[in-house]
Amino acid sequence: MAIPRAVRRYVVSDREPELQITRSSGSHVFDERGRRYVDFLTGWCVGNLGWGHPPLERVARSFRGPDYVYPGYAYEPWGELAQLLVSVAPRGLARCARATGGSEAVDIALQAAMIHTGRRRFLSLEDSYHGNTIGALSVGESSYREHMPALLPNCAKIRTPLDERALERIRKRLARRDVAAFIFEPISINLGVTEPTREIAQEIQRLCRRFGTMLIADEVASGFGRTGRLFACEHFDLEPDIMTVAKALTGGVSGIGAVLMTEDVAASLREHGNVYSTYGWHPRSTAVAIATMKYLIRRRGPLLRGVERMSEYFRERFLQMPFDDEPELRIRGMALAVDIHDEARADAIQKRCRRNGLLLDTNDGALLLLPALTIARDVAEEGLDLLVESIAG
Ligand SMILES: Cc1ncc(COP(=O)(O)O)c(C=O)c1O
């Protein structure tokens, strides 16, 4: 694989590029030599409907709206998109702020929580990931602090798993009534498809309400059908005060992010916040996001039933694979973690997969697969056969 000289020379990256991509289609991506890879990664929860999804492509190609709309003006499709998002969001979320991506959405969510509560402390899960802005890094894993001691100072972390002990620590921390928000992915893709029980998720929500802390559900990765429901919150009947989304909302066609919030939080943000975002909800992105939402709403039933069927197929195949020991399977819809509890081996399998023409990720000793929700059975089969080949070595 050749990484172009100018990319190496001029582009800042925090990791060595693994592939050069020139084209994508459905559940495949192609490198510079035209080699085809089965894509079980989908840009990390971006291409939920597969690459080149016709309804999104059509809208992007035929877009005839304004080049740009100044954030201080009104643009009717912004209202349409906000209304569509609110119509399927957990109860209570009534308004949307515009953002360019997930990190900005998380930052706006933190801002909203601080303004609404008048507090400036945060609580999140250790080793979580919520984006790359200073705010988002501050509520992410503690190790970022090593080289950036100036991250927001008041971010406490709760060690996972989210069990009774963790709940007790959350209770103690929130009881001081100085935490603006507890932020988490209800089903954490970044922590290898891990989740609390329904009782614990509900208790976290109850504690947040009792002690005046905003509950922020970060659905940037888990949103739009990834876990088998439109939002991961639905698995636990969570009704967060604030919810962030991005990634699959435009399926990779263009960038976007959104923060959904209650009327009360929106009122505080309107009064004292700053949500000016030059490229937040760019007209073209807005058109693609509206097309995504309309598709998801129209096809919700069959799409999510298809996810459950395909998820079961992946599970059955994993159970038959020649791992040395039986792996721990953590599966929610098309978020699939096969934990072999061996980082070196998981990384070696991932490398062999790539060599064999299959793209997936690893997470702390687990293989992490995030295929398109719409992946065809024969492509899934092809990818899983390549995985079997790669396990064997
Ligand atoms: C849960 C979560 N939140 C926020 C982000 C940041 O999103 P973006 O990369 O669009 O800024 C990510 C990115 O992977 C994410 O997984």
If you take all heavy atoms of E164 and I200, which pair is closest and at what distance? N-CD1, 3.7 Å
So, E57 side chain and V253 main chain: donor-acceptor pair closer than 3.5 Å or not? no
Drop me the distance from L386's CG to E389's CD, to the nearest 0.5 angstrom. 5.5 Å
Residue pair H28 / V38, side-chain heavy-atom distance below 4.5 Å: yes
For residues Y313 and R317, is any side-chain donor paired with an opposing acceptor at under 3.5 Å? yes
Side-chain (Y68) to main-chain (T278) donor-acceptor, under 3.5 angstrom: yes
Cationic N near anionic O, under 4.0 Å, R300 to E234: yes
OG1 (T160) and CD (E195) are apart, to the nearest 0.5 Å, by 13.0 Å
Determine whether N363 and V193 make a side-chain contact, defined as any pair of heavy atoms from C-beta on separated by less than 4.5 Å. no
For residues V220 and I256: do they belong to one hydrophobic cluster (side chain heavy atoms under 4.5 Å, members Ile, Leu, Val, Met, Phe, Trp, Tyr)? no
Side chain to side chain contact (heavy atoms under 4.5 Å, CB included) assessment of D364 paired with D127: CA-CA 11 Å; D364 216 11; D127 294 330; 5.9 Å; no
Flag if over 12 foreign heavy atoms under 6.0 Å of CD, E326: no
With a cut-off of 6.0 Å (strictly less than), are more than 12 heavy atoms of other residues, nucleotides or ligands near CZ of R354? yes
Centres of the F224 and F231 rings: under 6.0 Å? yes
Kindly say whether T22 contributes a backbone atom to a donor-acceptor pair with the side chain of E32 at under 3.5 angstrom? no
For I189 and A335, which heavy atoms make the closest approach, and how far apart are they? CD1-CB, 3.8 Å
Within this structure, what is the CD1-CD distance for the pair I3 and E16, rounded to the nearest 0.5 Å? 7.0 Å
Electrostatic pair D163:R169 at N-O distance under 4.0 angstrom: no
Taking atom CZ as the centre, does R159 end up with more than 12 heavy-atom neighbours from other residues, nucleotides or ligands that are less than 6.0 angstrom away? no
E104 meets the side chain to side chain contact (heavy atoms under 4.5 Å, CB included) criterion, sequence neighbours left out, with A99, T100, I108, S277
Minimum heavy-atom separation for L238 and P186, please, with both atom names. CD1-CB, 4.2 Å
Side chain of R226, backbone of G333: donor and acceptor closer than 3.5 Å? no
From OG (S222) to CG (L370), nearest 0.5 Å: 11.0 Å
Under 6.0 Å from the OH atom of Y10, do we count more than 12 heavy atoms belonging to anything else shown? no
Less than 4.5 Å apart, side chain to side chain, heavy atoms only: is that true for L384 and F318? yes
Does L367 offer a backbone N or O that forms a donor-acceptor pair with the side chain of Q350 under 3.5 Å? no
Carboxylate-amine/guanidinium contact E308 R229, below 4.0 Å: no
Side-chain heavy atoms under 4.5 angstrom apart, residues restricted to Ile, Leu, Val, Met, Phe, Trp, Tyr: same cluster for I216 and V265? yes
Cluster overlap Y129 with V106, hydrophobic side-chain contacts below 4.5 Å: no
Just how far is it from atom CD of Q83 to atom CD1 of I290, taken to the nearest 0.5 Å? 10.5 Å
Does V388 belong to the same Ile/Leu/Val/Met/Phe/Trp/Tyr cluster as L358, with side-chain heavy atoms less than 4.5 Å apart forming each link? yes
Are any of the side-chain heavy atoms of C155 and R145 separated by less than 4.5 Å? yes
Flag this pair as yes if the NZ/CZ of R284 is under 6.0 angstrom from the six-membered ring centre of F63 and inside a 45 degree cone about the axis; otherwise no. no
Hey, is CD on E76 packed in by over 12 heavy atoms from elsewhere, all under 6.0 Å? no
Would a 4.5 Å heavy-atom cut-off, applied to side chains only, mark I204 and L167 as touching? yes
Would you indicate whether the side-chain heavy atoms of L85 and L249 approach each other to under 4.5 Å? yes
Check: F211 ring centre within less than 6.0 Å of F182 ring centre: no
Are the side chain of H235 and the backbone of T227 linked by a donor-acceptor contact shorter than 3.5 Å? yes
Under 3.5 Å, is there a donor-acceptor pair between the D218 and T244 side chains? yes
Using side-chain heavy atoms (C-beta onward) and a distance below 4.5 Å, is E141 in contact with E126? yes
With distance as the sole test, does R171 use its side chain to make a donor-acceptor pair with the main-chain N or O of E203 at under 3.5 Å? no
Would you say CZ of R198 has more than 12 non-hydrogen atoms from neighbouring residues, nucleotides or ligands within 6.0 angstrom? yes
Just by modelled atom types, is the S390 backbone N or O under 3.5 Å from a matching donor or acceptor in the R352 side chain? yes
Can you check side chain to side chain contact (heavy atoms under 4.5 Å, CB included) on L123 and F184, steps first, answer last? CA-CA 9 Å; L123 196 58; F184 81 139; over 6 Å; no
I349/L360 under side chain to side chain contact (heavy atoms under 4.5 Å, CB included): CA gap, chis, key distance, verdict: CA-CA 10 Å; I349 292 173; L360 45 75; 5.7 Å; no
CA sep, side-chain torsions, deciding dist, call: R33, Q20, side chain to side chain contact (heavy atoms under 4.5 Å, CB included): CA-CA 9 Å; R33 293 166 302 182; Q20 186 188 166; over 6 Å; no
Step through the shown structure and confirm whether more than 12 heavy atoms of other residues, nucleotides or ligands are within 6.0 Å of CD on E381. yes
Is any side-chain heavy atom of L373 closer than 4.5 Å to a side-chain heavy atom of T42? no
What's the separation between atom CG in D39 and atom OG in S24, rounded to the nearest 0.5 Å? 8.5 Å
Same cluster (ILVMFWY, side-chain, under 4.5 Å), V59 and I297: no
How close do A366 and R330 get, counting heavy atoms only, and between which atoms? CB-NH2, 4.1 Å
Centroid-centroid distance, Y75 to Y73, less than 6.0 Å: no
Does H130 use its side chain to pair, donor to acceptor, with the backbone of G102 at less than 3.5 Å? no
Parallel, tilted or perpendicular, as decided by the 30° and 60° cut-offs, for the rings of Y295 and H53: perpendicular
Got a donor-acceptor contact below 3.5 angstrom from the E185 side chain to the A221 backbone? no
